[in-house]
Amino acid sequence: MAAGSAIQIPSRLPLLLTHEGVLLPGSTMRTSVDSPRNMQLVRSRLLKGTSLKSTIIGVIPNTSDPTSDCDDLPSLHRIGTAALAVQVVGSNWPKPHYTLLVTGLCRFQILQLLKEKPYPVAEVEQLDRLEQFTNQHKSEEELGELSEQFYKYAVQLVEMLDMSVPAVAKLRRLLDNLPREALPDILTSIIRTSNQEKLQILDAVRLEERFKMTIPLLVRQIEGLKLLQKTRKPKQDDDKRIVAIRPNRRINHIPTTMEDEEEEEDHDDVVMLEKKIRTSSMSEQALKVCLKEIKRLKKMPQSMPEYALTRNYLELMVELPWNKSTKDRLEIRAARILLDNDHYAMEKLKKRVLEYLAVRQLKNNLKGPILCFVGPPGVGKTSVGRSIAKTLGREFHRIALGGVCDQSDIRGHRRTYVGSMPGRIINGLKTVGVNNPVFLLDEVDKLGKSLQGDPAAALLEVLDPEQNHSFTDHYLNVAFDLSQVLFIATANTIATIPPALLDRMEIIQVPGYTQEEKIEIAHRHLIPKQLEQHGLTPQQIQIPQVTTLDIITRYTREAGVRSLDRKLGAICRAVAVKVAEGQHKETKPDRAEVGEGEDCKEHVTEDAKPESISDTADLALPPEMPILIDFHALKDILGPPMYETEVSQRLSQPGVAIGLAWTPLGGEIMFVEASRMDGEGQLTLTGQLGDVMKESAHLAISWLRSNAKRYQLTNASGSFDLLDNTDIHLHFPAGAVTKDGPSAGVTIVTCLASLFSGRLVCSDVAMTGEITLRGLVLPVGGIKDKVLAAHRAGLKRIIIPQRNEKDLEEIAVNVRQDLTFVMASCLDEVLNAAFDGGFAVKPRVESLNSKL
Ligand code: ADP
């Protein structure tokens, strides 16, 4: 348009390559963008740019953009239209793309392509001579007759349309007000023309040529309209309306025949969709909403972004399992067998799960508490959930909640947003296709919170049996009955589960495994699974139990079995290579012999023991000899051991003691180190400590200072005032792990007692317990995990608070047999047990005095 053309376009333009439709100056076009280069242009130029200049782009017609950005740029159409991007709408349906609304400004010609990636940019020359537009009289003189003729036809055409339609009336006014030079482009884009014709008009740079070429098009349209009016005389009004509505709806885009067909197809689809809606078993409320939406859809032009949204919505509504469910088959005896077959150990958990299932069988409803398995990673929480689904014959779906901090993740986005979608619950139902699956809500302890609302609050509604029969997802906007879904949650710790959510759930602790349990799990479950996954058979690989123990102690340090499983996978992969190579060589014996030059090895059969994989000669083994994984092979495959028992080395100096800590990942042993130096009685603490830990340290020092004489503890200068001219530094190594909790109290006391007495703490002792200022030892939590960690680390004696004695019952007998437990009720007992030969209390001088 005149106003548009009055601006000078930049000499460098980013190029948008389009294949369908031709944008002419003065007209507006909606175009869909989905190829990598075009998407890049939209993202980095249109969505990021802030100036008016950054919204001007060059639209190159008749050039399809390669689908991959590494493909070469195709040859570009020489002439394009500089355009103003008026609107950008993004959508993810059916694949990520943008819809651009662009208005043509003027023609340009590409002089030189400056760059191709990430999107093409070219140096351009503006073609439409702007002075023509501003200096109307001159141009009118030159082209007088031609433009007059054109104008007449244009008026004739517009007057054949229904003037009562506002768009037509506006068009009529524009014909008089616009400069004549702009009319060919604008009218060409309004009337029914093919892309080819539009392209010719675009390429007609000279105005005279343009007028000449458009006149026949106008005449053709006029004739067409006349014919239409004649054939449908009785319904003349209607015709006018149809013709008029079309330009109104897509003023620049009158459908060609092919598009007509597409539209019809789509119409058929909509009819089908309606049929599906009517025959689906959705709730009455949902049906009502759907019918309303389909009515709207029928009236909507397809190019509207909302068309896709609405259709997407309706398709989801049809797909949802409103009434579809699987039939429960529950037989407790079979369930017990299945749980036992799938999982070794974890007796407490299996027992509780069976109780839960038994109650369900008898009561036949789900209004019980929601089970929540809490334990370190890799102990089989998810896997038990899967087994429950299997025993019930239900579908299983896992919803990972770790890091979810937006309640729309659970409850969906309202449909007013671009790219809105349903929440994870509804999505899960769509995936499984039935309304009674087992949903595993994984990692409920890692739900976040943000400005977008609290996802835990949304979960509350999902999990509450009183409310969840009418759960309303924001996207669906109608209630869906979740009461048939069986929810199971998992977490690493209950400390971070929001209290209201915790209240809805029954917590079942799943502790870590002992070494023996891990060996059994590996041999009964993990190794067979890994062999199968790698296409190996027990005849090809042999992993003895000592090797498994080596992997457990030297290559993993975890409460569960996940990294053990991964290491076994690595071994299987390495063996698979050897086996495959071996087979390859067997088929070509000549080459193997020539290559290796070890022909005699091939005949070793009778007394040959299974060879180590580290032995390269085993490539020539007969096929039935399994590859034995011994420690050398382990080192070859997994590298040098990652964890060596460092305990005794670290305890070779006074001022170090081993504590036991509980973390969400299971129990851990923790070294506490202390040193002293000249100073002014200050205490320094390092190693990511929480407030409670700092308080424990202060308590420990106070207790030792008050008992220094009794234990003959002195500082460097021999004084019983331990902090006199002395600074103390306490360090809790493994600085990346935040440590908090009172249970390190006894360890700090022991460590400092060692420092001030100069005696070594026994290297095989670990301890845990809270202390009071008067020297009592109070009970702490997580005893089972802590004991298992100590056992893993090869420690022999464990000091625990007297009142935790009852917790020992939970620990497997074989672990208990390996360890000696010292129950302590006061710090004297702790120190006596921690040092070889006890920590003698000096006879008190005062007590002698009192006799006098
Ligand atoms: P979690 O959910 O607790 O992090 P998973 O359920 O994903 O752990 O378990 C990790 C792997 O360990 C799975 O392959 C599972 O089959 C296996 N596994 C864990 N515990 C046992 C067990 N007691 N018996 C058999 N396999 C187990």
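All ligand and atom numbering here is 1-based and tracks the order in the structure.
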I need the nearest protein heavy-atom contact for atom 23 (N) of ligand 1: residue, atom name and distance, please.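 Result: Tyr344 O, 2.7 Å.
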Determine whether any heavy atom of Arg386 lies closer than 4.0 Å to an atom of ligand 1. no
Mind checking whether Thr490 has a heavy atom under 4.0 Å from ligand 1?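 It does not, in that no heavy atom of Thr490 comes within the 4.0 Å cut-off of ligand 1.
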Give yes if a backbone or side-chain nitrogen or oxygen of [X] is under 3.5 Å from a nitrogen or oxygen of ligand 1, and no if not.
X: Arg562; answer: yes
X: Asp565; answer: no
X: Leu526; answer: no
X: Gly378; answer: yes
X: Ala345; answer: no

Between [Y] and [X], is there a salt bridge with N-O shorter than 4.0 Å?
X: Lys350; Y: Asp340; result: yes
X: Arg352; Y: Glu355; result: yes
X: Arg386; Y: Asp342; result: no
X: Asp473; Y: Arg411; result: no

Looking only at side chains, do His474 and Ser408 share a donor and an acceptor under 3.5 Å apart?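 Judged by distance alone, the side chains do not pair up.
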Are side-chain N/O atoms of Asn468 and Glu461 paired as donor and acceptor at under 3.5 Å?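 No, no side-chain donor-acceptor pair sits under 3.5 Å.
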Ring centroid separation for His397 and Phe439, is it under 6.0 angstrom?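 They qualify: ring centres under 6.0 Å apart.
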Which of the ligand 1 atoms, numbered from 1, are nearer than 4.0 Å to a heavy atom of Pro377: 4 (O)
Out of all atoms in ligand 1, which are within 4.0 Å of some heavy atom of Asp342? Include the element for each. 24 (N), 25 (C)
Return the option from Leu440, Val561, Leu564, Asp442 holding the heavy atom at the smallest distance from atom 18 (N) of ligand 1.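 Closest candidate by heavy-atom distance is Val561.
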Assess whether atom NZ of Lys635 is packed by more than 12 heavy atoms of other residues, nucleotides or ligands within 6.0 Å. no
